[in-house]
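All remarks here apply to the structure that follows.
Numbers restart at 1 for each chain; the letters A, B, ... are given by sequence-line order, proteins then strands.
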2 protein chains.
Amino acid sequence: MGNPPLGGDLSRLRQLNALSTIRALRGSAPATLSALSARTGLSRPSLKEVVGELTSLGWVEEVPPTSGGMGRPARRYRFRADRGHLVGIDIGAHNVRAALSNLDGTVLAETRQAVVPETPVRERMEAIGRAVGGCLALTGLTMADVWTVAVGTTGIVTPEGVVTYSAGIPAWTGLDLAGLLGAMFPCEVLIENDSRLAALAEARRGVARGARDVVFLHVGRRMGTGLIIDGKLHRGFGAAAGEIVMLPQARWFDAPDHLNNCPVVPEGTPVEDAASHTLAAARDGDPAALAAVERYVDDLAVGVAAIVLVLDPEIAVLGGGFSRSADVLLPPLRRRLEAVCLRMPELRASTLGDECVVFGAIDHAVDHLDRQLFTADSGTSLPVPLTRDAVSRS
Amino acid sequence: MGNPPLGGDLSRLRQLNALSTIRALRGSAPATLSALSARTGLSRPSLKEVVGELTSLGWVEEVPPTSGGMGRPARRYRFRADRGHLVGIDIGAHNVRAALSNLDGTVLAETRQAVVPETPVRERMEAIGRAVGGCLALTGLTMADVWTVAVGTTGIVTPEGVVTYSAGIPAWTGLDLAGLLGAMFPCEVLIENDSRLAALAEARRGVARGARDVVFLHVGRRMGTGLIIDGKLHRGFGAAAGEIVMLPQARWFDAPDHLNNCPVVPEGTPVEDAASHTLAAARDGDPAALAAVERYVDDLAVGVAAIVLVLDPEIAVLGGGFSRSADVLLPPLRRRLEAVCLRMPELRASTLGDECVVFGAIDHAVDHLDRQLFTADSGTSLPVPLTRDAVSRS
DNA sequence: GTTACTAATGAAGGACTCCATCACAAGTGA
DNA sequence: TCACTTGTGATGGAGTCCTTCATTAGTAAC
């Protein structure tokens, strides 16, 4: 019943071994044939042929040997991560961030464009264009060098890339983002919810690196979650997973008000800065602020407990704007969870900060590339990027 | 970083193709070489060799050809599902059920032993032995024919097979079930929570067949859940996934009381039969019973909504004792969920009934066999069951 | 009964991929 | 200069898969 091909041809075996070699090579220092042989389990002669093929295809290149060791210096090879590039975009209410990376996921350039929640669609799209253009300018590249654009945005995104609802960017609701961005970039475009990408970033390069089951909690003016299950981003059947915000008993929608409406917030403070006053005062031991934090965490903990009880993750990561005050938030949150949870997950604060979502977008694009490589069925050769011709009808 | 071997040897390719052939053959009618060739993508000559090897290893056998078609009758082959057997056990508070199946998961015999929640450990173990012995007697087999025993039990089970807590079977708490059953059966023993196995059964052979993300809700005197995520049983990092019962806001612990303490329940009814009176009365339109059902579903819906919002499953299955009254429970539950859920999953009632858990145990054992087959690294030959010598020290 | 057609069988030859092995090469250190 | 270490390159062999084609065993029509 719908099982993947699994085995197959001789050429399939070669392909699998080539991919295995790429995996062994990617994300690590240049390696010798012997080292690769040990890592992949292939014999030296076979590996040599595989590496030769990968070199001629442009995936691998030789680097000068090191000197100073015993014996004959070995030839060293490295993955040509600069062969293609990936772009990650974070479309937020107040900022549009872009990052450009190589195929490894190593970020080469980052830019930011300030916007406001009310920025109309056209202007926001232009900001996106400027953010990406800035990354290209910084690196001297063009869009032709970009294989994939991955986008994270606030709001609920369908599997087809349509934003069904966005509280943070009102004009976004109902927008066919995949369509607009697809017309804008002559390559593949992936759209995903921003908290999910943040979760991915934490699981790949953040404080949850290596964990298979991770819950990411975006705490800030808006609440959001992202789930990594069995090492993979979990979207759910209708791409609506993690939307515990909707649960009335969790009271997540109004939870930030506890921090905003605290007496310690100076008169006339804009609402977006209010919470940080409260959190800072709580750190200094102000009783009113501490009480507000307790009420906030009271509400927060219900939803977190629900997620943790359902999934039993290894690690829960606190991210988003308020996570800068994780030292204030984590102890009371931990206390409440310990009272309820059957098994307490590790609680950690994000260290990736504001770049969390762009990094996650990059990682999402890397994953996508991986999937493309591994489901490659196009004959014997490895896949090359789909360079979709932009807007050419005659 | 810890990636599986992936490619490998020539023999690995043959192994993959052999497994692919087994998959194509298993669970379907006897097939001809041409049909298998189409299904696996292998050429006829290769397939012939693979089938020959599998035949000599005892995994496949030839069956008489059919007559009546055009052309030369093709030789037909079938998977020898009777080559080994699997046992599934459901250890409940009031019943111990056992089932015996072939490697296909086709159930050949079932038995049941009545117990009570207070039955001491030794007697319960004896009941387990009798239940399994009954299955063997019904089929004329011995334990030597059984490759794997999979067990589902009420309570929280660690990955090592120790029951840390069981409300349904008090004596079970703290028990090293894997140790006891491992000494009892001379083969591999898998221990799992019963609701999880029920979820698996529904996803494999029940009303959720084919769905990748499934939530199983056991509603009865005790509440429990099982999650299928991406087609696999989800345990969580500490095997504590799905324990939303613990969430105070969900009020699942006391929810059944609404049904038990309804005025329509006749005086002196034992507590285990009370709810069915209420549910039956509700079906007949009794106002007090209907109100009780509404209160019950009120509580139920909070936890269900939490699970659904977190995971966004394709299907939610209602099972357990009360699911016989799914016609009464589902409409109000659906109403409440629709008010909260971002995307409404399909709600269905289990049709597997009391055998749900044993079936799930069988399916769990089949999955385990599959994993063994696919991670087989023992040279070129396919794995054979581990016939652990029972208690032989000299 | 004979002939045409269909579908599967079995065997031969060729191509590809992997492995083990061995002589040789290019360094270091005494 | 010599021993030692480590990597390179080439050869031969084994295993697996594919394509192709003559052959076989049935059915259907005449």
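- A salt bridge links Arg23(A) with Asp370(A): the distance from a Lys NZ or Arg NE/NH1/NH2 to an Asp or Glu carboxylate oxygen falls below 4.0 Å.
- Rounded to an integer number of Å, the gap from OH of Tyr77(A) to P of dG7(D) is 12 Å.
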Applying side-chain contact (heavy atoms from CB on, under 4.5 Å), run through Leu103(B) and Trp59(B) and close with a yes or a no. CA-CA 10 Å; Leu103(B) 298 183; Trp59(B) 287 97; 4.1 Å; yes
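- In this structure, the CG atom of Leu47(B) is 13 Å from the C1' atom of dA8(C), given to the nearest Å.
- Annotation: of the two residues near DNA chain C, Asp9(B) and Arg44(B), the 5′-most nearest-nucleotide partner is Arg44(B).
- Atom pair Arg14(A):CZ and dA15(C):P shows a separation of 17 Å (rounding to whole Å applied).
- Computed from coordinates, the Leu42(A) CG to dA20(C) P distance equals 11 Å when rounded to whole Å.
- Applying the 6.0 Å contact sphere to CD of Glu49(A) captures no more than 12 heavy atoms from other residues, nucleotides or ligands.
- We find that CD of Gln15(A) is positioned 16 Å from P of dC17(D), with the value rounded to whole Å.
- Mapping Glu49(B) and Pro45(B) onto DNA chain D by nearest heavy atom places Glu49(B) at the nucleotide closer to the 5' end.
- Panel note: side chain Glu202(A), backbone Val207(A); a donor-acceptor pair is recorded below 3.5 Å.
- Checked against dA8(C), dG7(D), dT16(D), the side chain of Leu10(B) finds its nearest nucleotide in dT16(D).
- When distances are taken from the side chain of Arg75(B) to each of dG10(C), dC17(D), dC19(C), the shortest belongs to dG10(C).
- Side chain of Arg204(B) to backbone of Asp363(B): no donor-acceptor contact under 3.5 angstrom is found.
- Heavy atoms of Ser34(A) sit under 4.0 angstrom from primed sugar atoms or phosphate atoms, though from no base atom.
- Taking 4.0 angstrom as the limit, Ser46(B) places none of its side-chain polar atoms (N or O) nearer than this to OP1 or OP2 of dT16(D).
- In this structure, the CG atom of Asn17(B) is 13 Å from the C1' atom of dG15(D), given to the nearest Å.
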Short N/O separations, protein against nucleotides 24-29 of chain D, under 3.5 angstrom:
{"residue": "dT24(D)", "atom": "O2", "partner": "Arg72(B)", "partner atom": "NH1", "Å": "3.1"}

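- In this structure, the NZ atom of Lys48(A) is 14 Å from the C1' atom of dT11(D), given to the nearest Å.
- Smallest separation of non-hydrogen atoms from Ala203(A) and Val214(A): CB-CG2, 4.3 Å.
- Both Val50(A) and Leu33(B) lie close to DNA chain C; mapped to their nearest nucleotides by heavy-atom distance, the more 5′-ward contact belongs to Leu33(B).
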Hey, mind stepping through Leu190(A) and Thr148(A) against side-chain contact (heavy atoms from CB on, under 4.5 Å) and telling me if it holds? CA-CA 8 Å; Leu190(A) 312 173; Thr148(A) 305; 4.0 Å; yes
